[in-house]
Amino acid sequence: MLRGVSAISVDKKGRLALPTRYRDGLINHCDGQFVCTIDHQLPCLALYPVPEWEVIEDKLAQLSSFQPAERRLQRLLLGHAFDCEMDSQGRLLLSAALRQYAGLEGKAMLVGQLNKFEIWDEQTWQAQIRQDMDTQAESTPMISERLANLSL
């Protein structure tokens with residue numbers, strides 16, 4: 001459902017407008033209710049429609065607070081989770097902490113990822129795309145079996 005890349009702006013109050021092509025579908029899917037959190041591996045944000053976020057929360061709830069890597073992931077994603085509601089003009093207000101994490105000021109990119117959007121600072125996005133095109137990860141770090149199977 002959520003696909004494509006759109007150039008957007010983040011205003012001085014921390015608001016961004018979702019592109020018109022997504023608005024009706026998102027009102028039907030989530031009544032304009034979202035959860036925004038950090039991406040735990042990249043300097044961008046993850047914006048989930050609430051029904052999609054609830055799936056992620058269920059998966060995170062199944063992780064063990066006794067496993068340091070699993071607890072870290074819970075802390076990062078849940079600790080930064082911020083409820084957002086689309087207003088009548090299709091805008092969302094992002095918290096200052098989230099904007100700071102992703103370096104969002106002015107020009108940004110909204111990237112559809114099927115069940116969520118990524119929100120990137122425009123320059124950071126361009127650098128990431130160049131890196132993604134030039135190289136692929138050489139090795140995967142050792143992670144628990146549950147994290148390996150966790151699909152965000």
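Owing to the predicted nature of the structure, the values given are computational and were not obtained by experimental measurement.
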- Centroid-centroid under 6.0 Å between Phe117 and Tyr48 rings: no

Output the distance between atom [atom1] ([X]) and atom [atom2] ([Y]), rounded to the nearest 0.5 Å.
X	Y	atom1	atom2	answer
Arg3	Leu114	CZ	CG	8.0 Å
Leu16	Ser9	CG	OG	9.5 Å
Lys107	Met109	NZ	CE	10.5 Å
Cys36	Trp53	SG	CH2	9.5 Å

Sub-4.5 Å side-chain heavy-atom contact between [X] and [Y]:
X	Y	answer
Pro51	His29	yes
Tyr22	Leu2	yes
Leu104	Ile119	yes

- Message: By the definition side chain to side chain contact (heavy atoms under 4.5 Å, CB included), identify the one residue from Asp39, Leu110, Leu47, Val5 that meets it with Glu118.
- Response: Asp39

- Task: Would you tell me whether Asp132 and Gln128 have side-chain atoms, one donor and one acceptor, within less than 3.5 Å of each other?
- Result: yes

- Inspect the surroundings of CD in Glu122 and state if more than 12 heavy atoms from other residues, nucleotides or ligands are less than 6.0 Å away. yes

- Query: Would one find more than 12 heavy atoms of other residues, nucleotides or ligands at under 6.0 Å from atom CD of Gln123?
  - Reply: no

